[in-house]
> 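Have a look at the structure that comes next, please.
Note that the numbering runs from 1 along the sequence shown for the chain.
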Amino acid sequence: MTVPVVSEARAQLPWRRRAGAIVAAGTARWLVLLPPRRLRQILRLASVGARPATEQQAAQARTAVVTVSVRCAGQGCLQRSVATVLLCRLSGRWPDWCTGIRTQPFSGHAWVEVAGRPIGEPPGLSEFATVVAVRCPAGSRS
């Protein structure tokens, strides 16, 4: 069985932004191999001291990682979401990182959101129940 894959649009990035996105996507590539509990612990640690990201900052980070990584541009939602939060963290910000499932049909997904709004996700994400989330630390919210 084949599944059609449509990559997301790529953008032109300045070299500094591209370098950060490459580091974030490469780091995420290794982090997603960890057990879920360990990944959550590492992301919680990374979020400490960060300020909440804006929708624009999270969207720009997502676009950057999609631009530099074919896996992030395709069906690699876990790597894409981890790379997005890591890239935001490089600028001192943190969007909420979420993973969830739906039952009909059964599927899992990972995404980032700001103020409860998913960033760059297609419609239908409301069908997913959030299972694991690493939210911006409460002390960082203004």
> Taking the side chain as every heavy atom from C-beta outward, state whether Val48 and Trp94 have any atom pair closer than 4.5 Å.
no
> Are the side chain of Thr27 and the backbone of Ala24 linked by a donor-acceptor contact shorter than 3.5 Å?
no
> Verify, without hydrogens or angle tests, whether Gln79 (side chain) and Ala25 (backbone) share a donor-acceptor contact under 3.5 angstrom.
yes
> Let me confirm one number: the CD1-NE2 distance from Ile101 to His109, rounded to the nearest 0.5 Å.
13.5 Å
> Look only at the side chain of Ser69 and the backbone of Val66, and say whether a donor-acceptor pair between them is shorter than 3.5 Å.
no
> Could you check whether any side-chain N or O of Arg62 sits under 3.5 Å from a backbone N or O of Gly120, counting only pairs where one atom can act as donor and the other as acceptor?
yes
> Does any part of the side chain of Leu34, heavy atoms only, come nearer than 4.5 Å to the side chain of Ile42, both counted from C-beta?
yes
> Do the side chain of Asp96 and the main chain of Cys136 share a donor and acceptor less than 3.5 angstrom apart?
yes
> Between Pro95 and Cys88, what is the shortest heavy-atom contact and its length?
CD-CB, 3.5 Å
> If you look at every heavy atom in Arg18 and Thr67, which pair is closest and at what distance?
NH2-CG2, 4.0 Å
> Could you tell me if the side chain of Leu78 sits less than 4.5 Å from the side chain of Leu39, heavy atoms only?
yes
> Report yes if some heavy atom in the side chain of Thr84 is under 4.5 Å from a heavy atom in the side chain of Ile119; otherwise report no.
no
> Which atom pair, heavy atoms only, marks the closest approach of Cys72 to Val65?
CB-O, 3.7 Å
> According to a 4.5 Å side-chain heavy-atom criterion applied to Ile, Leu, Val, Met, Phe, Trp and Tyr, with indirect links allowed, do Leu90 and Val85 form part of one hydrophobic cluster?
no
> Applying a strict under-4.5 Å side-chain criterion to I, L, V, M, F, W and Y, I'd like to know whether Leu125 and Val132 cluster together.
no
> State yes or no: do Leu31 and Val112 share one hydrophobic cluster built from I, L, V, M, F, W and Y residues joined by side-chain heavy-atom distances below 4.5 Å, directly or via other members?
yes
> For residues Phe128 and Val114: do they belong to one hydrophobic cluster (side chain heavy atoms under 4.5 Å, members Ile, Leu, Val, Met, Phe, Trp, Tyr)?
no
> Side-chain heavy atoms under 4.5 angstrom apart, residues restricted to Ile, Leu, Val, Met, Phe, Trp, Tyr: same cluster for Leu86 and Ile22?
no
> Output the distance between atom CZ (Arg51) and atom CD (Gln57), rounded to the nearest 0.5 Å.
8.0 Å
> To the nearest 0.5 Å, what is the distance between OG on Ser81 and CH2 on Trp111?
9.5 Å
> What's the shortest heavy-atom distance between Pro137 and Ala50, and which atoms?
CD-O, 4.4 Å
> For Arg102 and Pro105, indicate whether the former's side chain and the latter's backbone hold a donor-acceptor pair under 3.5 Å.
yes
> Using 4.0 Å as the upper bound for N to carboxylate O, is an ion pair formed by Arg135 and Glu113?
yes
> Which residues pass the ring-ring contact (aromatic ring centres under 6.0 Å, His included) test with Trp97, sequence neighbours left out?
none
> Under the side-chain hydrogen bond (donor to acceptor under 3.5 Å, both in side chains) criterion, do Gln41 and Arg38 qualify, and how do the steps go?
CA-CA 5 Å; Gln41 290 171 339; Arg38 187 73 177 132; 3.2 Å; yes
> Taking the side chain as C-beta and beyond, is there a heavy-atom pair between Leu87 and Arg17 under 4.5 Å?
yes
> Could you tell me the separation between the CD atom of Glu127 and the OG atom of Ser107, rounded to the nearest 0.5 Å?
9.5 Å
